[in-house]
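Heavy-atom basis, side chains included; hydrogens, waters and symmetry copies ignored. Residue numbers run from 1 in the order of the sequence given.
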Amino acid sequence: MYALLRRFAGVTNNGCPLRSYASFTPRDVMRSTAEETGTLLTRFAKHIALERHRDPEHVLPKTTVRYADFFPITDDRYFQRTVQKTDAAQLPALIIQASSYRSNAAVPMYVAALNALDNHAANQLDKMETSTVLETLYSFLFLMPSWLKRTDFYHAAVQRLAKEDFRTNKERFVQVCFYLGLQKKQAKSSEDFQQLLEEQLPTHLSALSELDLAVISNAAYKTSTLVTGEARSSYESSLINATLNLQLNDGGDALLVSYVKALRLQRVKDERVCQHLQDICLDPAKIALIEPRGLAHIFAFFAEQLWDQKECLTVVVDRLMTLLKPGDLRAKDLATFLWASAQLNCELTPQQVRQLEVAALRKLDNGEYDYFPDNLVDTCLSFCTLGHYSKDLINAAEELKAAQRRQRAQPKVDSRLNVLRSAVAIEQQSIGNLKTEQAFKEFNPAPAYLLRDRPDLTKYAQELSGDSEVEGVDLVCPITAINLPSLRVQTMGDQESVYFVELLTAEQTLKFSKKPTSLMRLKKRLLESLGRKVVVLNSTEMATNAKELHQLLKPDAGRREESEVAQGLFN
């Protein structure tokens with residue numbers, strides 16, 4: 001299906017002269033350059049070349065095809081017939097020879113060569129031994145690094161390789177992981193890759209080099225393939241050890257970032273890794289070795305680990321804002337940078353926020369959000385959390401999501417958009433359609449599923465209810481779309497009042513400042529914008545009666561910037 005949808009011009013398919021289903025067209029060659037590949041892919045490709053030679057089972061017959069028998073091409077149909085007579089084992093050598101032809105070839109003839117070679121390789125796949133399949137894949141990679149995954153042969157070959165057993169051959173296992181990782185996100189392929197990793201990775205983990213592990217982890221990240229089952233624990237331990245032991249020499253930063261991305265995908269929490277990365281960031285010589293986009297991944301890792309060490313974050317943010325200009329970021333990278341800044345409560349200056357907003361507006365004008373409204377919604381919500389609203393960005397997010405909703409549903413993105421709408425309705429009524437009373441529902445009961453894992457809330461509600469000055473305690477979600485339950489406590493007597501009490505879990509508390517994470521801070525700010533009293537607590541210092549709640553809100557009680565947040569965490 002992929003091949004049918006992506007092509008409408010070319011030379012042949014399955015030996016048929018129809019010009020409707022070829023891999024490449026002259027326009028492809030004229031419009032782009034096949035050598036435009038990233039440095040990490042180039043490094044991995046060189047490693048794969050070495051793995052081929054280290055493989056004891058990788059034996060190929062002597063080359064018998066001659067360049068002069070195929071090139072230069074004067075008649076594309078004659079060339080096709082000649083290629084179709086070529087033995088499958090000789091195809092890798094012929095593909096390599098085509099690389100010498102390219103520099104002097106007319107574009108239509110070069111395209112004819114690509115399509116004929118791809119077509120014949122796909123037809124001969126069943127006749128190829130595994131060595132020949134891997135050699136043919138590498139030959140196509142050598143010929144056209146950024147176009148390999150557009151060939152019919154590539155898609156058929158990786159489907160076959162994903163089902164083979166490489167438990168006794170580490171070199172072939174690494175090569176197959178590399179090629180599977182080029183597919184990006186495809187459901188069926190990801191399932192095959194996941195099964196391959198779960199069944200065969202544990203056998204090879206102890207023998208993997210730093211580069212081997214980087215190739216595999218990068219492939220898993222690119223395809224969003226989560227390693228689960230029995231292999232998970234040993235794989236994650238290998239990633240942690242590799243991260244801690246890696247030397248940041250020439251090219252070491254790329255491997256480090258590959259490990260960090262894999263740790264993010266696996267949702268590994270390990271303070272040793274955070275401390276190690278912090279030491280790197282605080283060392284001017286070491287942080288200078290890390291490419292800005294790689295540093296952005298480390299920043300996101302800190303945000304996911306709630307690691308808000310102020311000195312470290314200041315260095316990271318300043319370096320990213322200086323070296324990696326917001327305008328140079330992809331829309332996805334910009335959204336991630338803003339989310340991490342909001343999550344870790346980074347103190348961005350008004351100039352920095354404006355610089356980031358201008359970058360987002362330029363991306364909007366360039367159409368970079370047209371097919372990715374989720375990035376725009378996330379960007380707007382992060383700006384909102386940081387206390388900044390951009391009318392143009394918010395209006396564009398509404399329009400893009402309205403258009404996309406007719407195409408496909410994205411419940412998580414819709415949920416974040418609803419949070420943004422509630423914030424706008426409360427703090428910026430002039431630029432939103434939602435009314436304040438629709439965004440704030442004081443007595444909206446918290447759903448049962450939100451309370452299932454929060455016995456602390458129900459227990460605390462019972463304790464407060466026992467106080468003679470407490471008239472009632474309700475478990476509520478007062479801000480529409482913010483699914484974080486609160487206690488609505490109504491007191492009586494001389495200090496009659498209504499309080500919204502927030503109990504922080506460990507997952508809602510930043511490590512060093514002990515402040516709430518971004519969504520909880522936004523919720524507190526919105527409630528206070530409505531004139532409501534908010535008390536933020538945790539399990540080590542909790543008010544047990546109405547009088548103590550009132551004391552926490554007095555200025556002379558040492559009220560903190562984010563209300564009262566006690567020093568301990570939930571267990």
Check your understanding: Hey, does Leu134 have a side-chain heavy atom less than 4.5 Å from the side chain of Tyr138?
Key -> no
Review point. Between Gln159 and Asp192, do the side chains contain an N or O donor and an N or O acceptor separated by less than 3.5 Å?
Key: no
Review point. Among side-chain atoms of Gln175 and Glu51, is any donor-acceptor pair under 3.5 angstrom?
Key: no
Check your understanding: What residues form a side-chain hydrogen bond (donor to acceptor under 3.5 Å, both in side chains) with Gln90, not counting sequence neighbours?
Key -> Thr64
Exercise for review: Name all residues meeting the side-chain hydrogen bond (donor to acceptor under 3.5 Å, both in side chains) criterion together with Arg264; count only those two or more places apart in sequence or in a different chain, and write none if there are none.
Suggested key: His297, Glu304
Practice item. Please lay out, stage by stage, how Asp212 and Lys170 fare under the test salt bridge (charged side-chain N to carboxylate O under 4.0 Å, His left out). Key: CA-CA 9 Å; Asp212 289 335; Lys170 187 267 290 186; 2.9 Å; yes
Exercise for review: Determine the sole option in Asp374, Asp370, Asp378, Asp414 for which the salt bridge (charged side-chain N to carboxylate O under 4.0 Å, His left out) test with Lys401 is passed.
Suggested key: Asp414
Check your understanding: Given the rule in the ring-ring contact (aromatic ring centres under 6.0 Å, His included) test, do Phe173 and Phe166 qualify, once you have shown the distances and angles that lead to the verdict?
Key -> CA-CA 5 Å; Phe173 175 74; Phe166 302 103; 7.5 Å; no
**Study point:** salt_bridge(Asp365, Arg362) N-O dist < 4.0 Å
**Key:** no
Practice item. Give a yes-or-no answer on whether the side chains of Thr130 and Glu164 include a donor-acceptor pair shorter than 3.5 Å. Key: yes
Exercise for review: Take Glu171 and Arg52 through the test salt bridge (charged side-chain N to carboxylate O under 4.0 Å, His left out) and record every step on the way to the result.
Suggested key: CA-CA 7 Å; Glu171 290 77 16; Arg52 288 160 50 242; over 6 Å; no
Review point. Who passes side-chain hydrogen bond (donor to acceptor under 3.5 Å, both in side chains) against Asp279, sequence neighbours left out?
Key: Gln275
Practice item. For the pair Phe337 and Phe299, name the ring-plane relationship: parallel under 30°, tilted 30 to 60°, perpendicular over 60°. Key: tilted
Practice item. Measure up the Phe512 and Trp307 rings against each other and bin them: parallel (under 30°), tilted (30 to 60°), perpendicular (over 60°). Key: perpendicular
Review point. Between Lys511 and Glu271, does at least one N-O distance fall below 4.0 Å, as a salt bridge requires?
Key: yes
